[in-house]
Amino acid sequence: MSLFIGLMSGTSLDGIDAALVDLSAEAPARLLATRAEPMPAELRDRLWQLCHAESARFADLARAEHDFSHLQARSVQNLLAEQQLEACAITAIGSHGQTVEHAPAGHDGGPAYTLQLDNPSLLAELTGCQVVADIRRRDLAAGGQAAPLAPAFHQALFRAADEWRVVLNLGGFANITVLPPDHDPRAPLGFDTGPANALMDAWHARHRGGHFDAEGAWAGSGQVDKALLTRLLDDPFFRQAPPRSTGREYFHLDWLHARLTGDEHPADVQATLAELTASSIAQGIEMARLQLEAPAIARLLPCGGGAHNPDLMARLSRQLPDARVTDSSEAGWPPDWLEAGAFAWLAWRRLEGLPGNLPSVTGATGPRVLGGIYAA
């Protein structure tokens, strides 16, 4: 076996996902074990503030990065202890870090950038494992969006011989990977479709407290405000041709408030935000289908936290009545661990000297080997 650990912390800031993956040559990837390391509330609050700050002191960034790296190390150490493994058994850790800002189009006329808090040198020191990190910026340097990166992993896992498939990641933001059948020469297409849970979580926290709307119950209690939905979908982002990616820098509560009249009932806004997620995903899939000149999508493989939201999944089923919705576990990989698994796989690609991006997805000028290597 060739063992890698992938670490991922997404826009929800709820913790570190750690995936132990076997990347032996005879199989593309095999998930062996997982651990979800909860984010301490105090660290979550600091990271949240940094993600929304117009400016930040270097000392605040350094402290948050230091504490985040220690949390990553704890997740690795706990996973190894649970599996009765020594650090020397791990070929490498693939570390995504914590995104605090992502601006592939730059800001105020400046250069493109993406910023992940991550200290791979400290992580290697704390764990005794080799680390692959800074995985996004090479794609950005090559003219790409640096996101999404998981589609290359989706292609390795889920491309089928006889049907068109869409892998749908429902984290804070939604992204799709459209996979042609094996025999089809067309390259996969993938991009961010817009908000998934980010706006719903923020609106729920503002009005009801807590970090998320459990099972979409609050959204399900409201009615979709069709006029509001039209105003939300009128944003130019939803008409932008891929490649495209987005984040909290664009879609946030101020963006939402600018489109409210002030007369809306909070539960109806939550229902409308859920419908925005479903509608923008359906629009994105149709945009991709037309760009690829593809037939109807046969199978939809949802993953990420939103895949456990029955209200959101019901809305998606209504928007995409012809697609067979299948739990990704049936296709060989549990839905909660695809992103962490992707960064283990990307670390393996880096050590093998193989490209990790898909230019058809990110818009980079060509395939690139992604990330830097930090010795144990």
Side-chain angles (χ1 to χ4, degrees), residues 6 8 10-12 14 17 19 29 31 34 36 147-160 163-180 188-201 212-217 219-220 238 242 245-246 251 271 273-289 294 296-343 345 361:
M8 179 68 194
T11 53
S12 64
D14 54 358
D17 288 342
L31 183 64
T34 62
L149 293 182
F153 183 55
H154 298 161
Q155 176 180 232
L157 286 180
F158 297 127
R159 196 162 185 173
E163 67 180 7
W164 285 80
R165 292 181 168 184
V166 172
V167 182
L168 168 62
N169 178 51
L170 293 164
F173 293 84
N175 55 71
I176 58 172
T177 306
V178 182
L179 297 172
L189 186 63
F191 53 91
D192 288 354
T193 61
N197 299 308
L199 287 177
M200 290 189 285
D201 289 351
F212 63 97
D213 182 10
E215 297 190 338
F238 298 113
S245 59
T246 191
F251 291 105
L273 291 174
E275 197 68 19
L276 171 68
T277 294
S279 297
S280 57
I281 289 167
Q283 287 183 9
I285 290 174
E286 179 63 10
M287 179 186 292
R289 190 189 69 78
I297 302 302
R299 191 182 302 266
L300 182 71
L301 299 167
C303 59
H308 302 293
N309 182 330
D311 176 74
L312 179 56
M313 295 309 300
R315 295 177 192 275
L316 278 168
S317 293
R318 291 193 292 271
Q319 291 277 351
L320 301 164
D322 298 326
R324 179 182 171 192
V325 180
T326 302
D327 189 309
S328 63
S329 296
E330 295 181 27
W333 199 278
D336 291 332
W337 301 101
L338 267 170
E339 284 202 289
F343 283 91
W345 183 82
V361 169

Query raised in the report: Shortest non-hydrogen contact from Phe173 to Pro195?
Result: CD2-CA, 3.7 Å

Could you pull out all donor-acceptor pairs under 3.5 Å where a side-chain atom in residues 330-343 meets a protein atom, sequence neighbours excluded?
from	atom 1	to	atom 2	distance (Å)
Trp333	NE1	Trp337	O	3.1
Asp336	OD1	His308	NE2	2.6
Asp336	OD2	His308	NE2	3.0

Query raised in the report: Arg299 pairs by side chain to side chain contact (heavy atoms under 4.5 Å, CB included) with which of Val325, Thr326, Val166?
Result: Thr326

Report task. Go through the structure and list residues passing salt bridge (charged side-chain N to carboxylate O under 4.0 Å, His left out) with Arg315, not counting sequence neighbours. Result -> Glu275, Asp311

Requested in this report: Determine, stepwise, if the pair Leu157 / Val167 fulfils side chain to side chain contact (heavy atoms under 4.5 Å, CB included).
Outcome: CA-CA 10 Å; Leu157 286 180; Val167 182; over 6 Å; no

Report summary line: Residues at least two apart in sequence or cross-chain that pass side-chain hydrogen bond (donor to acceptor under 3.5 Å, both in side chains) with Glu286, listed by chain then number, are Arg289

Query raised in the report: What are the two closest heavy atoms between Phe191 and Ala288, and how far apart are they?
Result: CE2-CB, 3.9 Å

Requested in this report: Please identify each residue that fulfils side-chain hydrogen bond (donor to acceptor under 3.5 Å, both in side chains) with Arg159, with sequence neighbours left out.
Outcome: Gln155

Report summary line: Heavy atoms of Gly306 and Leu312 approach each other most closely as O-CD2, 4.1 Å

Report task. Could you tell me whether the side chain of Ile285 reaches within less than 4.5 Å of the side chain of Leu320, counting heavy atoms only? Result -> yes

**Report entry** Verdict with reasoning, Leu170 to Asn309, per side chain to side chain contact (heavy atoms under 4.5 Å, CB included)
**Finding:** CA-CA 10 Å; Leu170 293 164; Asn309 182 330; over 6 Å; no

Report summary line: In short, Val361 meets Pro148 closest at the heavy-atom pair CG1-O, 3.6 Å

Report task. Report the residues that fulfil salt bridge (charged side-chain N to carboxylate O under 4.0 Å, His left out) with Glu215, sequence neighbours left out, ordered by chain and then residue number. Result -> none

Report summary line: Sorted by chain and residue number, the side-chain hydrogen bond (donor to acceptor under 3.5 Å, both in side chains) partners of Ser329 (sequence neighbours excluded) come out as Asp327

Requested in this report: For Thr34, check side-chain hydrogen bond (donor to acceptor under 3.5 Å, both in side chains) against everything at least two apart and list the hits.
Outcome: none

Report summary line: Correct closest heavy-atom pair for Ala174 and Leu168 would be CB-CD1, 4.4 Å

**Report entry** side-chain hydrogen bond (donor to acceptor under 3.5 Å, both in side chains) pairs, two or more places apart, involving residues 170-179
**Finding:** His154-Thr177

Query raised in the report: Under the side-chain hydrogen bond (donor to acceptor under 3.5 Å, both in side chains) rule, what pairs show up with a residue in residues 190-201, not counting sequence neighbours?
Result: none

Query raised in the report: For the residue pair Gly194 and Thr246, what are the closest heavy atoms and their distance?
Result: CA-CG2, 4.4 Å

Requested in this report: Keeping the roles fixed (side chain from Asp213, backbone from Ala217), state whether a donor-acceptor pair exists under 3.5 Å.
Outcome: yes

Report summary line: One should read off an interatomic distance between Leu301 CG and Phe158 CZ, to the nearest 0.5 angstrom, of 6.0 Å

Report task. Report yes or no: does Ser280 contribute a side-chain atom to a donor-acceptor pair with the main-chain N or O of Thr277 at less than 3.5 Å? Result -> yes

Query - Contacts of Ala160 that satisfy side chain to side chain contact (heavy atoms under 4.5 Å, CB included) - sequence neighbours left out - result: Asp162, Glu163, Arg165

Report task. Using ring pair (Phe, Tyr, Trp, His ring centres under 6.0 Å) as the criterion, list what pairs up with Phe238, not counting sequence neighbours. Result -> Phe251

